[in-house]
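These notes concern the structure reproduced below.
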Amino acid sequence: MKARLLLLVSLLALGAAALRAEPLDLSTATIGDLEAAMASGTLTAEKLTQLYLARIAAYDQQGPNINAVIFANPKALETARALDAERKAGKVRGPLHGIPIVLKDNYNTYNIPTTAGCQLLEGSIPPADAYVVNKLREAGAIILAKVNLSEFAGGGSLRAGATAAATPPPPLPTMDSPRHGANIPGAQSSVGGLTVNPHDITKTVSGSSGGTGASIAAVFAQFGLGTDTGGSIRGPSSANGIVGLKPTRGLLSRNGIVPLALSFDTGGPMARSVYDIAVALGVMTGVDPADAATYSSAGMAEKDYTKFLQLGSLKGAHIGVLRNFFGQNAETDRIMEESIAKLKELGATVVDPIKLPPSMLEARGALSTLIMDSEFKAQIAEYLSTLKPGYPRTLAELAAKAADPDSHYRSDAKRDGLKSNDERALALTDPLYLAAKNEGLALTRATMLAVFEKYKLDALVYPTSPKPATPIGVTAGGGGGALSATSIANQTGFPDLIVPAGMTNEGLPVTISFFGPAYSEPKLLGYGYDFEQATHARKLPKYTPALPGDTHINN
């Protein structure tokens, strides 16, 4: 009898153990995993927030000094506790209830300063949240911090940054965006200083969303938001080895984001998994009367992109390989060839090679630079006019204040860049600007649509950055090289999804881009998810390893 009782107790214990959830690792858990754990009561938003804050405390200003955080949200834990109380009371706001995130510091936040990295805007509290930030708050996301960026996302600088297209002829800057001086690394600002790469702290984080890229790679939050004008989501996603999405222009509102050039600008999510990108994207879509570009998304946007994440999505897909952007680094090329082989293994029909006309490639840099210089001067003035009294109102005022010795401006190159941009920018009524915007961009778009049609393609792939992250200060931005495809997505307005593809022999990430026509996000996310699940190529950076408790967060 006693033996039978012991056997019964043992069986019951085994059954209880089987019912317990598998241990969750903070660095690999998806939003879906976290929401399931919170729903079951094995995890709270407060504990999750504490875990992320502990990693920020350990690695951002201590240890490797990643230096990504500009402003911490002092009410993050208070917000988490309030969301836990809502859940306990039976109110769950949606798929982001209790999920901690970070924002690039060019997104307006009503309760945290928004400076775009410029010391002349220190202390500026905007009148309201950016449209997408408000959407995230309403969905239950917890803003942990605002993170570093290239100052003004690269606007107003003498030279361009890491992820540009081709080198245009002088005297125009040499690359598209993020646009910072040759001696200004990506994700450096007069407010936040320099952010370094958690995979190798001697390496760049690439472009202007580098603070977000480093934060997500280092596991400082579940996901973050970046902005992209010529590659500024994609370069940092690649250099830091995470997933990123530059969405179709118009899918997400830019209302409340400090502008660089609205002909190209878009916000977008950066995360450690395609699943999290899909969740975040669906929460943020919507037509916003304050951003006319979003009218094109009516009937095209989805509220739930996770339904497109299916294994087997690549089977039968026609994928073209953009060969113009290979041949700059042997390790990048090796990983890309392995990725192409994996696409074939997963059932894709690979069309290889696809080569774009040299005339288009050669014109891209000058086209982007002319438009960005002109639009930044006009559009930054419109943004500055919304701020409280006491802040500069025009690019000329920014340049003058930066040049004033009493301002003790912390970036000589940026000071000179603001002045140069103010002097060389064309008026938005100038015929040359109008020709570039109307005819130049239309030609790029028509060329790319013709490529998709000619080869019957569902998507194109290319190495997001043709070189891995390079040493800080060695080149203008590193991680992007002089010949990257990223500006094509901005000039066409088309979406581009970045997925980790592998690690070089030096331990640096390489990513693959899935690029498609307007509003093809459902397909691209499906392809990216299929590839991601077959490769599991993302790695936790060696300078920001797991802390005690990170690997069993729901126990």
Between Gly244 and Ser237 the two heavy atoms that sit nearest each other are CA-OG, 3.5 Å

Any donor-acceptor pair under 3.5 Å linking the side chain of Lys47 with the backbone of Ile553?
yes

Does a side-chain heavy-atom distance below 4.5 Å link Leu281 with Leu252?
yes

Run the salt bridge (charged side-chain N to carboxylate O under 4.0 Å, His left out) test on Arg334 and Glu337 for me, step by step, so that the C-alpha distance in whole Å, both residues' side-chain angles and the decisive distance to 0.1 Å come before the verdict.
CA-CA 5 Å; Arg334 172 185 65 80; Glu337 297 301 343; over 6 Å; no

Within the side chain of Ser190, is there an N or O that forms a donor-acceptor pair under 3.5 Å with the backbone of Gly117?
yes

For Ser263, is there any backbone N or O sitting under 3.5 Å from a side-chain donor or acceptor partner on Glu375?
yes

Can you find a pair of side-chain heavy atoms, one from Lys246 and one from Thr486, that are under 4.5 Å apart?
no

For the residue pair Leu483 and Asn324, what are the closest heavy atoms and their distance?
CD2-O, 3.4 Å

For Val102, the option from Ile216, Ile70, Val69 that meets side-chain contact (heavy atoms from CB on, under 4.5 Å):
Ile216

Given Phe223 and Ile277, is the side-chain contact (heavy atoms from CB on, under 4.5 Å) satisfied, shown in steps?
CA-CA 8 Å; Phe223 72 89; Ile277 294 287; over 6 Å; no

Asn73 side chain to Lys75 main-chain N or O, any donor-acceptor pair under 3.5 Å?
yes

Nearest 0.5 Å, please: how far is CD in Glu362 from CG in Leu356?
12.0 Å

For residues His199 and Met503, determine if any side-chain heavy atom of one lies less than 4.5 Å from a side-chain heavy atom of the other.
yes

Got a second to check how far Met448's CE is from Gln491's CD, nearest 0.5 Å?
10.5 Å

Could you walk me through whether Lys342 and Thr535 pass the side chain to side chain donor-acceptor pair (under 3.5 Å) test, one step at a time?
CA-CA 8 Å; Lys342 180 59 70 172; Thr535 57; over 6 Å; no

Is there a side-chain contact between Leu322 and Val461, using heavy atoms and a 4.5 Å cut-off?
no

Atom of Ala221, atom of Pro100 and distance for their closest heavy-atom approach
CB-O, 3.8 Å

Smallest separation among heavy atoms of Ala489 and Arg234, with atom names:
CB-NH1, 3.4 Å

Could you walk me through whether Arg272 and Thr28 satisfy the side-chain contact (heavy atoms from CB on, under 4.5 Å) test, starting with their C-alpha distance in whole Å, then the side-chain angles of each, then the deciding distance to 0.1 Å, before giving a yes or no?
CA-CA 7 Å; Arg272 290 185 294 279; Thr28 58; over 6 Å; no

Separation of Asp530 CG from Leu309 CG (nearest 0.5 Å)
10.5 Å

Could you tell me whether a side-chain N or O of Glu338 sits under 3.5 Å from a main-chain N or O of Gly502, the two making a donor and an acceptor?
no

Other residues, nucleotides and ligands only: do more than 12 of their heavy atoms fall within 6.0 Å of CD on Gln61?
yes

Can you list the steps and then say if Ser208 with Lys104 is a side chain to side chain donor-acceptor pair (under 3.5 Å)?
CA-CA 9 Å; Ser208 78; Lys104 185 176 180 179; 2.7 Å; yes

Any side-chain heavy atom of Pro64 within less than 4.5 Å of one from Pro198?
no

Grab the two heavy atoms, one from Val258 and one from Thr114, that are nearest each other, plus how far apart they are.
CG2-CG2, 4.4 Å

Determine whether Pro466 and Asn329 make a side-chain contact, defined as any pair of heavy atoms from C-beta on separated by less than 4.5 Å.
no

Decide yes or no on side chain to side chain donor-acceptor pair (under 3.5 Å) for Asn490 and Asp228, but give the supporting numbers first.
CA-CA 8 Å; Asn490 302 94; Asp228 196 304; 3.0 Å; yes

Between the side chains of Ser238 and Thr464, does any donor sit under 3.5 Å from an acceptor?
no

Side chain proximity check, Ser232 to Phe264, heavy atoms < 4.5 angstrom:
no

Asp60/Arg55 ion pair, N-O < 4.0 Å
no

Leu245 side, atom CG; Leu524 side, atom CG - distance, nearest 0.5 Å
8.0 Å

Take Thr202 and Ile472 through the test side-chain contact (heavy atoms from CB on, under 4.5 Å) and record every step on the way to the result.
CA-CA 6 Å; Thr202 70; Ile472 293 166; 5.9 Å; no

Determine whether a donor-acceptor pair (N or O, by modelled atom type, separation under 3.5 Å) exists between the side chain of Asn106 and the backbone of Ala153.
no

Side chain Asp265, main chain Thr229, donor-acceptor under 3.5 Å
no

Just do the side chain to side chain donor-acceptor pair (under 3.5 Å) check on Glu532 and Ser273 with the steps written out, would you?
CA-CA 8 Å; Glu532 172 194 60; Ser273 68; 5.0 Å; no

Within the side chain of Thr248, is there an N or O that forms a donor-acceptor pair under 3.5 Å with the backbone of Leu251?
no

Is the ring centre of Phe376 less than 6.0 Å from the ring centre of Phe152?
yes

Once rounded to the nearest 0.5 Å, what's the spacing between atom CD1 of Ile142 and atom OG1 of Thr49?
3.5 Å

In terms of ring plane angle, is the pair Phe515 and Tyr462 parallel, tilted or perpendicular, where the classes change at 30° and 60°?
perpendicular

Just checking, any donor-acceptor pair under 3.5 angstrom between side chains of Thr30 and Asp276?
no

Can you check whether Val219 reaches Asp550 side chain to side chain, under 4.5 Å on heavy atoms?
no

Short question: side chain of Lys414, backbone of Glu151 - any donor-acceptor pair under 3.5 Å?
yes

Charged N to carboxylate O under 4.0 angstrom, Asp412 versus Arg415?
yes

Distance-only, no hydrogens or angles: does the Ser209 side chain make a donor-acceptor pair with backbone N or O of Thr227 under 3.5 Å?
yes

Would you say the side-chain atoms of Thr195 and Asn67 include a donor-acceptor pair closer than 3.5 Å?
no

Interatomic spacing from CG in Leu361 to NZ in Lys355 - rounded to 0.5 Å:
11.0 Å

Testing the basics here: between Lys146 and Pro113, what is the closest heavy-atom pair and its distance to 0.1 Å?
NZ-O, 3.1 Å

For side-chain contact (heavy atoms from CB on, under 4.5 Å), just list the numbers for Ser313 and Tyr529, CA-CA rounded to whole Å, side-chain angles, deciding distance to a tenth of an Å, and then say yes or no.
CA-CA 8 Å; Ser313 293; Tyr529 180 78; 5.9 Å; no

